[in-house]
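Below is one structure; the comments refer to it alone.
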2 protein chains.
Amino acid sequence: MAVRLDEKPAGEARQRKPRARNSPPRSPVTRQSARATRNSEIVYRDLRDAIINVTLPPGTSLVEKDITETYGISRTPVREAILRLAEERLVDVVPKSGTFVARIPVTELQEAIVARKALEEVCVREATAKASKSQLMALRAVIQRERELAEAGNEQAFHEADNAFHAGIASAGGYPGIWTMIEKIRVQVERYRRLTLPQDGRMEMIVAEHAAVLDAIEQGNADAAVAAMTSHLNKLQIDIGTFQDLWPDYFLFDVK
Amino acid sequence: MAVRLDEKPAGEARQRKPRARNSPPRSPVTRQSARATRNSEIVYRDLRDAIINVTLPPGTSLVEKDITETYGISRTPVREAILRLAEERLVDVVPKSGTFVARIPVTELQEAIVARKALEEVCVREATAKASKSQLMALRAVIQRERELAEAGNEQAFHEADNAFHAGIASAGGYPGIWTMIEKIRVQVERYRRLTLPQDGRMEMIVAEHAAVLDAIEQGNADAAVAAMTSHLNKLQIDIGTFQDLWPDYFLFDVK
DNA sequence: CTTGCATAACTAGTATACAAGATATTTTAC
DNA sequence: GTAAAATATCTTGTATACTAGTTATGCAAG
């Protein structure tokens, strides 16, 4: 079953070839829009959203052939999408057997929250030190938008604005990439969070907490800003017990 | 070019099907060893190592067909490997054109180091609070092993022991998964680091710094432990200027 | 010699056929 | 009727042929 590796040094992939036919692109961003419309990308996004929204709950069977028919495309792009999901631990693929939406790893949840707090703390502290006036104004605008969306009761858009606030803090701190890291770390937590019913006044509370963070930043009080952010993120603290009763099969405990 | 999405709600992948032929596996880890021997996995590891070791420098062209012939396998598993690398931003794949080893994103380097410091700080602090005696003994053993490997001049094994120390700290703090996160974040930094020539006495210095961290942990002095770890990680600080002269095409600046 | 263009060669994206193993179903023996 | 074995039917893994777009190359015109 294993590959033939007998006579080769492994990892030597055309280097000596003197031709060097085409040079690497200076800006690899060029075709990024094209990439977004690739079939595998579409399938990936759809499935990923459905899994995170718990539209596809843990344990659901994903059959490549079915997805193939749904989208009217072949297995190759579908497979690519599923492999990406497997890497994010959103699905488990069992060779020659089946692919299933993965359970939510409880241990990972705790660690993800801890990690996020640590990273956001850095961002907030740095943002306090070196945010530009325009960045602060932009953050104010985001909070105002949150307020409007909360009033309108638009959960989805509010959620996006919420993310924009945190991304903005990271940018203001000079570490936009750290928000990207947080987003990757956050995936499983998000699945958990979507199981909780929207609570009354939750959005208003978030707006107030964001405002407290920004206030402290504007006052140049880094410690207060960090404290406000930490307090804000502490609300994410998970209480698995409740959900274990409701959906016992949704969670994975023995991550080992 | 785009997929047919006309009449479907997107993301509805067999859910109502009452059959539920096979239930999801209780322990998805079962076949993990099998996964490790999959062809795409082998190609992935080989290429990844070569890219991180800078055996395959940025800009190198990777041609699926060539790799296919090298390993004596078909394009499918090769493609899977390359797609995984693309996701880690280790390669840039330009549709219908070519695949190239990605340049090292300079901006990302700084952020990765900052993020790592933040995460390691949490681990060290927590490890000070709740490391078990056996965990501390294991860490001592790792340091001793580092000392022996430094003496023997075994760079590769030392490097692994180095990682084991940091992983051990994370475990002792109760957050083994955070080390996994760090490893993902660290990839590009590692490429940069491999460009630096091995410096005399570097290994010995690392051993001493690790010992300082562990000493503070054993004394229950969290602040000192964190300070020691931060000081240790500060040695990673990058000085891009030097390398920009030597290999100007290895780095990407305008990440945008 | 330079420039523009047609053309050929080569790339990754996709579709599809087949292989190998796991699970479900049926059949058979008792 | 029950249990075990044989068989059919699923699944994902792999190989390969084909498509469509990109880049290089050579030729012709100026």
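The chains referred to below are lettered A, B, ... by the order of the sequence lines, with proteins before strands, and numbering in each begins at 1.
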To the nearest Å, give me how far apart CD (A:Glu80) and C1' (D:dT12) are.
15 Å

Could you check whether B:Thr99 gets within reach of a base, just the sugar-phosphate, or nothing at all, counting any heavy atom under 4.0 Å?
sugar-phosphate

Picking from D:dT11, C:dT11, C:dT14, which would you name as closest to the side chain of B:Lys96?
C:dT11

Excluding sequence neighbours, so at least two apart, what forms ring-ring contact (aromatic ring centres under 6.0 Å, His included) with B:Phe165?
B:His210

Suppose we call a contact any N or O donor and acceptor under 3.5 Å apart; does that hold for the side chain of B:Ser97 and the base of C:dA12?
no

What is the separation between atom CG on B:Asp92 and atom C1' on C:dT11, rounded to the nearest whole Å?
15 Å

Hey, is the side chain of B:Arg75 poking within less than 4.0 Å of OP1 or OP2 on C:dA12, counting only N and O atoms?
no

Between CG of A:Leu83 and P of D:dT14 the distance, given in whole Å, is 10 Å

Side-chain contact check for A:Pro77: nearest option of C:dT11, D:dG13, C:dT14 is C:dT14

Under 4.0 Å between a side-chain nitrogen and a carboxylate oxygen: does that hold for A:Glu120 and A:Lys117?
no

Please give, in whole Å, the distance from D:dT19 C1' to A:Ile73 CD1?
16 Å

What do you reckon, are the aromatic ring centroids of B:Phe243 and B:Tyr192 less than 6.0 Å apart?
yes

Starting from the C-alpha separation in whole Å, work towards a yes-or-no answer on side-chain hydrogen bond (donor to acceptor under 3.5 Å, both in side chains) for A:His166 and A:Glu183.
CA-CA 10 Å; A:His166 289 276; A:Glu183 282 197 309; over 6 Å; no

Would you call B:Glu88 and B:Arg84 a salt bridge, using N to O less than 4.0 angstrom?
no

Using atom CZ of B:Arg79 as one end and atom P of D:dT16 as the other, report the distance to the nearest whole Å.
16 Å

Can you tell me if A:Ser74 touches the phosphate of C:dT14, counting only side-chain N or O atoms and a distance under 4.0 Å to OP1 or OP2?
no

Separation of D:dA15 P from B:Glu69 CD (nearest whole Å)
14 Å

Return the value, rounded to whole Å, for the distance between atom CD of A:Glu41 and atom P of C:dG13.
12 Å

Spacing of B:Asp66 atom CG relative to C:dT11 atom C1', expressed in whole Å
11 Å

Check whether any side-chain N or O of A:Thr76 sits under 4.0 Å from OP1 or OP2 of C:dT14, and answer yes or no.
no

